[in-house]
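Shown next, in structure tokens, is the structure this report addresses.
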Number of protein chains: 2
Amino acid sequence: MFDFPVFDGIEESDVKKLLTEFNALTLTFRKDATVLSNVSNTDSFFIIQEGKANIVRYNFNGTKTIMEKMEKGDIFGAFSGTIEDDLYVIAAEDSKIIVFEYKRLINRSGKNVEAHNKLIDNVLNKLADKLSYFNERIEILTEKTIRDKLLKYFGYLSKKQITKSIIIPFTLSDLSDYLAVDRSAMMREIKNLNEDGLIASKGRYINLKY
Amino acid sequence: MFDFPVFDGIEESDVKKLLTEFNALTLTFRKDATVLSNVSNTDSFFIIQEGKANIVRYNFNGTKTIMEKMEKGDIFGAFSGTIEDDLYVIAAEDSKIIVFEYKRLINRSGKNVEAHNKLIDNVLNKLADKLSYFNERIEILTEKTIRDKLLKYFGYLSKKQITKSIIIPFTLSDLSDYLAVDRSAMMREIKNLNEDGLIASKGRYINLKY
DNA sequence: TTATTTTTGTTGCAAGTGCAACATTAATGA
DNA sequence: TCATTAATGTTGCACTTGCAACAAAAATAA
């Protein structure tokens, strides 16, 4: 029911007590529905319980840009330091979202102290996790050539999967988006890496030879 | 004395009470001294009171990479979600750094409740701010051409400075680092933008013509 | 199973970029 | 003030990359 990071280490019964104390609501949204129409103006705190949602910007010419993809367990809302006034949150699929006043999270009552403390701890960790994920992506995007981007990405993956036989966790097409390079140019570079003996790969299965 | 974001909105006397309650220490470090030798293992919370510090990685070949630059008011420590075991914090100049147990921040006692609440709020905001800064940088780095990176960056700057006559807040050389492109190629592109009438610039002073 | 869609793989070519090397201007320190 | 260093500006050239267009293989749906 509540098995996601912000509630880690809190008994389900305590989660329920907390949410009751916070006057939390669980709202359901259909795909493409607007969850929040001005991110910088809200005084609420949101947790995605089920489904997915995107933070999007509507550009002056009507096109929309996905600023951030969020999924089950992700949080957003009043704490977000953005000044930008044109950010929306849109459900990317049918979703259930928990909402309560941000103040309730911050201003602690005398009840459920332990659980409340743990929740704050988890929220901080959640943000820090995302920060380190972003940091890693920046490290990769900062590499100048496609080859170097690939190698740095493979390096991180290898560290996480604790093996030199890594499996790319999404399609090669998505990988080219992640690295922000042309897919065909990336494929060409993967071929080069194979020919140069730095890797031995077949599709998304890659053996690091260094 | 304590005029930085994490203490915003908290009376100086209350800040002092809090820090006393937390058994906080103020440590001084000389330039290049090691502040923290295993970021993922600490149980402390750090606030830079004066000076600057970098999070660095020592690569297998002995070279070091600056992962993140931090300055007065920035925070780091136990909440950082990184699993990486080779990250150090090094003082980039002579610095004073406030340290206390992370648990003290999370587990609230009955004292100084108001101030403590506000501190947590500020820490959340601080992390969210950084998140939005990182997000913006990723947005820029994701653009394919130098021209598009420049235009996106100029766009953000224009929004922040609320004018089309923007001033780049660091050297053009640093800008090329920030955009992760070759400096001379960037200069060439700036010239092209001028010739195409999209901007009118002289050094770091830029007028947006769109 | 067969049909359809998605993903992977490949190539030529034009355009964009990094690199190296140097000239000019601005900023800094003695 | 002059000397020195840092920052800005410029160019040719080789290499890398994006783009377009297509083929083959794999995954998914009917």
Side-chain angles (χ1 to χ4, degrees), chain A residues 31 52 65 69 92-93 137-154 157 165-208, chain B residues 31 52 63 65-66 69 92-93 137-154 157 165-208:
Chain A
K31 185 177 185 326
K52 294 180 177 178
T65 319
K69 293 183 178 184
E93 46 185 67
R137 179 138 191 238
I138 288 173
E139 283 300 304
I140 292 167
L141 291 173
T142 295
E143 293 293 326
K144 288 219 182 66
T145 65
I146 293 180
R147 169 175 288 231
D148 288 341
K149 284 178 181 157
L150 283 169
L151 291 176
K152 181 147 262 180
Y153 174 70
F154 292 161
L157 255 197
S165 304
I166 57 179
I167 303 169
I168 297 174
F170 37 69
T171 70
L172 294 177
S173 197
D174 287 344
L175 177 58
S176 71
D177 283 342
Y178 179 76
L179 303 180
V181 299
D182 180 74
R183 188 188 62 82
S184 68
M186 184 192 79
M187 296 299 290
R188 180 165 42 208
E189 202 53 42
I190 288 177
K191 193 165 63 161
N192 291 342
L193 284 171
N194 275 285
E195 284 169 0
D196 294 350
L198 281 166
I199 65 170
S201 77
K202 172 95 179 68
R204 293 152 54 182
Y205 294 83
I206 294 171
N207 261 285
L208 304 185
Chain B
K31 185 174 182 328
K52 293 181 179 179
T63 61
T65 319
I66 296 179
K69 293 183 177 182
E93 48 185 63
R137 179 137 190 238
I138 289 174
E139 282 299 304
I140 292 167
L141 290 173
T142 295
E143 293 292 326
K144 288 221 182 64
T145 64
I146 293 179
R147 169 175 288 230
D148 289 340
K149 283 177 181 155
L150 283 169
L151 290 176
K152 180 147 263 180
Y153 174 70
F154 292 161
L157 255 197
S165 304
I166 58 180
I167 304 168
I168 296 173
F170 37 68
T171 69
L172 293 179
S173 197
D174 288 344
L175 178 57
S176 70
D177 284 341
Y178 179 77
L179 302 180
V181 299
D182 180 74
R183 187 189 62 83
S184 68
M186 184 193 79
M187 296 301 289
R188 179 166 40 208
E189 202 53 43
I190 288 175
K191 192 166 62 162
N192 291 343
L193 284 170
N194 275 285
E195 285 169 0
D196 294 350
L198 281 165
I199 65 172
S201 77
K202 173 99 180 63
R204 291 151 54 181
Y205 295 81
I206 295 171
N207 260 286
L208 305 185

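Residue numbers start from 1 in every chain, and the chains themselves are labelled A, B, ... in the order their sequence lines are given, proteins ahead of strands. Below, each value reflects all heavy atoms present in this structure, side chains not excepted, and no hydrogens, waters or symmetry copies.
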Gap separating the CG atom of A/L150 from the CD1 atom of A/I140, nearest 0.5 angstrom: 9.5 Å
A/K202 side-chain N/O to C/dT8 phosphate OP1/OP2 under 4.0 Å: no
Side-chain donor or acceptor of B/R204 paired with backbone N/O of B/F170 under 3.5 Å: yes
Of the listed nucleotides C/dG18, C/dG9, D/dT10, the one nearest the side chain of B/V181: C/dG18
B/K191 side-chain N/O to D/dT11 phosphate OP1/OP2 under 4.0 Å: yes
Selected nucleotide, minimal atom distance to A/S173 side chain, candidates D/dT8, C/dT8, D/dT17: C/dT8
Closest listed nucleotide, where the reference is the side chain of A/S184 and the choices are D/dC13, D/dA20, D/dG18: D/dA20
d(CG, B/L193; P, D/dT10) in whole Å: 13 Å
Nearest-nucleotide pick for A/I146, side chain only, options being D/dT8, D/dT17, C/dT17: D/dT17
From D/dT8, C/dC19, D/dT16, nucleotide with atom closest to B/L172 side chain: D/dT8
Value in whole Å for how far the P atom of C/dT8 lies from CG of A/N194: 15 Å
Whole-Å gap separating P (C/dT17) and CG (A/D148): 17 Å
Rounded distance in Å - CZ (A/R183) to P (D/dC19): 13 Å
Gap between atom CD1 of B/I190 and atom CG of B/L172 - 0.5 Å precision: 5.5 Å
Integer-rounded Å distance: D/dA7 C1' and B/D177 CG: 13 Å
CG on B/L179 to OH on B/Y153, rounded to 0.5 Å: 7.5 Å
Sugar-phosphate, base or nothing in reach of B/R204, heavy atoms under 4.0 Å: sugar-phosphate
A/F170 CZ to C/dT7 P, straight-line distance once rounded to whole Å: 13 Å
B/R147 with B/E189: basic N within carboxylate O range, under 4.0 Å: yes
Base C/dG12 to side chain A/R188, donor-acceptor N/O within 3.5 Å cut-off: yes
Rounded distance (Å) that lies between atom C1' of C/dT6 and atom CG of A/L175: 17 Å
Value in whole Å for how far the P atom of D/dA7 lies from OH of B/Y205: 15 Å
